[in-house]
Amino acid sequence: MTGPVLSVRNLRVEFPTRHGTLRAVDDISFDIAAGEVLGVVGESGAGKSMTGTAVIGLLEPPGRIAGGEVRLKGQRIDNLAGEALRRIRGRRIGMVFQDPLTSLNPLYRVGEQIIETMRTHLPMSEAQARRRAIELLSEVGIQGASDRLDSYPHQFSGGMRQRVVLALALCAEPELIVADEPTTALDVSIQAQIIQLIKRLCRERGTAVMLITHDMGVIAETADRVAVMYAGRIAEIGQVADVVQRPSHPYTKGLMGSIPTLEGSETRLVQIPGSMPRLTAIPQGCAFNPRCPQAFARCFLEQPAAVFVGRSEVACWLASATPVQGTP
Amino acid sequence: MLAFAIRRLIEAAFVMLTVALLSFVLFRFVGDPINQIVSQDASLEERIRLREDLGLNDPIPVQFGRFVWKAMNLDFGVSYQVKQPVITILMDRFPATLELAFAAALFAIAIGIPMGVYTGIHRHSMLSKWFLSISLIGISLPTFLIGILLIYVFAVKLGWLPSYGRGETVKIGFWKTGLLTWSGLKALILPAITLGLFQMTLITRLVRSEMLEVLRTDYIKFARARGLSNRAVYFGHALKNTLVPVVTIIGLQVGAIIAFAIITETVFQWPGMGLLFIKSVQTADIPVMSAYLLLVAFMFVVINFIVDLLYVAIDPRIRLAGSGAGH
Ligand SMILES: Nc1ncnc2c1ncn2[C@@H]1O[C@H](COP(=O)(O)OP(=O)(O)O)[C@@H](O)[C@H]1O
Ligand code: SF4
Ligand SMILES: [Mg+2]
């Protein structure tokens, strides 16, 4: 078996501010294999976007990667800069942002934007790129692609625009897609379609996907594995089936409690009492301790490190106490 | 698109009519035209006959109609002072002002936009801070002072450039141009900088703040995520999105440049319409004043129309909304 497409080890992202350094991402490690979908889930402010942005090298200064490493097919990319990094973005890592209404430049035809991206990365003639762009637009489900190529973004609906964005992310055949809340801004009725489309296209191509969302329902349906983030750290990471059915971390348990078992509408993560601490006020010990129903003395003193529980890794003192149930 | 153009044309016609009314009131009611034309000792019969000949006894609306009709045929009457048709005098001066305004606008745009882009991209660089400090001077110093300073340095101290006049001109048809001779071009530099400096700083600051705004948008972040080169991101995607407000301001400012040419022309004794206007005010040469007013208004309107067309060329959302076709 070949190694993972993306390998993140002990990643830390920091923002120096006047009141000291804020750590938005703290010691995060995960892998994503080819064709695999890793869901990254957590409340707003947990550090999901920061992690995705750090992977693709788009952190806005003064934010910076303060430690750890990011490898793409074994090659370190976290220490690349300028031109070398630019050649990876769009070419080897595609990105999909939350709001399709604002992701596309309003002044250029969608075809122009796709062709521009392809020709930036691949040795293609204008005509070749145009033909490829039409194929790609049909592939993402846009009817009459050869005509729609010459439309402007505002002539598409939100869902259609996200399809265009997806075509743009995929147009240079990247090995990894980072999709940051790709359906949050969309109408509920089309969210599932877009998620399914991402999943299908990436599976066909063997593209690894980092799917950031705060919707546990999306994760349950789409992801192969899931990382649950809390206050900049990974609370629990494992196979979706394991994490959803047998959550080990008290935070994950709380989240699972918030997924309706029947056909409900509320799948958002708000059911745990209290709220996530701000970066300036992360408590000592386990960051979840103020909200944790099972917290005990040690939780207020020391930060728990991740340990294996079954096939999952869990950062909780309760898990450390239970005997290791086997190695993967 | 056509409907849009027609609507704009109708609006423009309204603006022109309003200015024409103003100009007419000035022409007809400020002072008695007869007194300005005839000599002091003209007889009463002479005056009455002239009044009748000039149509000054007709109903006011008829007179206004005649005024507009004549103006449309470029007949603005005869200068009280020079006793020549106003249009002849204006056309003699018009090229000088237009060339000056054009050079000033070119200077403002050609320097202002790159400086705005640079200071927008390199927000914290030393050079940006320099540019912005200099632009603060451009905004705060009055035009005549800048003109005098430039004359002092480049004409008096260094002796590189002339301090007044247009240099040699060449006549092409009725158009007397200073752009084709070396001395004409040299004479243009200082007045153009003086006239355009304020607009240059305005454009710099506007482009800068628009760039800062645009660079924060999602589509720029997405353009970066797509791996586009900095050049493509800054000039292809960001700059174009700053252009709608920038073009608006430039359009308004070109009008202002023509209007403010009065000061620069006075400082540099530039033989343009502004200087003519100042003289006509001093001598109460009403026909020249009212024609100047109309001409400047006309240029404002034309420039605005061009700006509107530019919007449409830049932004497809305006284009498609204007034609009523969404798909
Ligand atoms: N420019 C910044 N300076 C300081 N802190 C920031 C900045 N941008 C984001 N943060 C903080 O980083 C944390 C993680 O943010 P983010 O990754 O966007 O969360 P998520 O995507 O999980 O909702 C948040 O607490 C946020 O307040
Ligand atoms: S470490 Fe303690 S406070 Fe943190 S989740 Fe586990 S039990 Fe709760
Ligand atoms: Mg986010």
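Letters go in sequence order (proteins before strands), and every chain restarts at 1. In this text the structure is predicted, and so the values were computed from the model without any measurement.
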Are the side chain of B:Thr97 and the backbone of B:Phe94 linked by a donor-acceptor contact shorter than 3.5 Å? no
A:Glu181 side chain reached by A:His214 side chain, heavy atoms, under 4.5 Å: yes
Side-chain heavy atoms of A:Arg163 within contact of A:Met160, under 4.5 Å: yes
Tell me yes or no: between the side chains of A:Asp187 and A:Ser189, is some donor less than 3.5 Å from an acceptor? yes
Let's test your reading of the structure: which of A:Leu168, A:Leu58, A:Ile56 forms the most heavy-atom pairs below 4.5 Å with chain B? A:Leu168
Please evaluate residues A:Leu201 and A:Thr207 with respect to the criterion side-chain contact (heavy atoms from CB on, under 4.5 Å), reporting the C-alpha separation (whole Å), side-chain torsions for both, the decisive distance (0.1 Å), and the verdict. CA-CA 8 Å; A:Leu201 291 174; A:Thr207 314; over 6 Å; no
Using only atom types and a distance under 3.5 Å, with no angle test, would you say the side chain of A:Gln193 pairs donor to acceptor with the backbone of A:Ile190? no
4.5 Å side-chain heavy-atom contact, A:Leu176 and A:Val55: yes
Using heavy atoms and a sub-4.5 Å threshold, report which of residues 88-96 of chain A line up against chain B, by residue number. A:Arg89, A:Gly90, A:Ile93, A:Met95
Residue among B:Asn230, B:Thr217, B:Asn241 with most heavy-atom pairs under 4.5 Å to chain A: B:Asn241
Cationic tip of B:Arg317 above A:Tyr152 ring, under 6.0 Å, 45° of axis: no
For the residue pair B:Glu99 / B:Trp270, report whether a side-chain donor-acceptor contact shorter than 3.5 Å exists. no
Could you name the residues of residues 116-130 of chain A that have a heavy atom within less than 4.5 Å of a heavy atom in chain B? A:Glu116, A:Thr117, A:Thr120, A:His121
Show your working on side-chain contact (heavy atoms from CB on, under 4.5 Å) between B:Leu132 and B:Leu136 and close with a plain yes or no. CA-CA 6 Å; B:Leu132 290 176; B:Leu136 209 60; over 6 Å; no
Would you say B:Glu265's side chain and B:Gly274's backbone share a donor-acceptor pair under 3.5 angstrom? yes
Heavy-atom distances under 4.5 Å only: say whether A:Gln113 touches chain B with side chain, backbone, both or neither. both
Region of A:Ser103 that comes under 4.5 Å of a non-hydrogen atom in chain B: both
Are A:Met210 and A:Phe30 close enough, and set up right, to give a side-chain contact (heavy atoms from CB on, under 4.5 Å), and what steps lead you there? CA-CA 10 Å; A:Met210 178 174 169; A:Phe30 61 88; 4.0 Å; yes
Region of A:Val165 that comes under 4.5 Å of a non-hydrogen atom in chain B: both
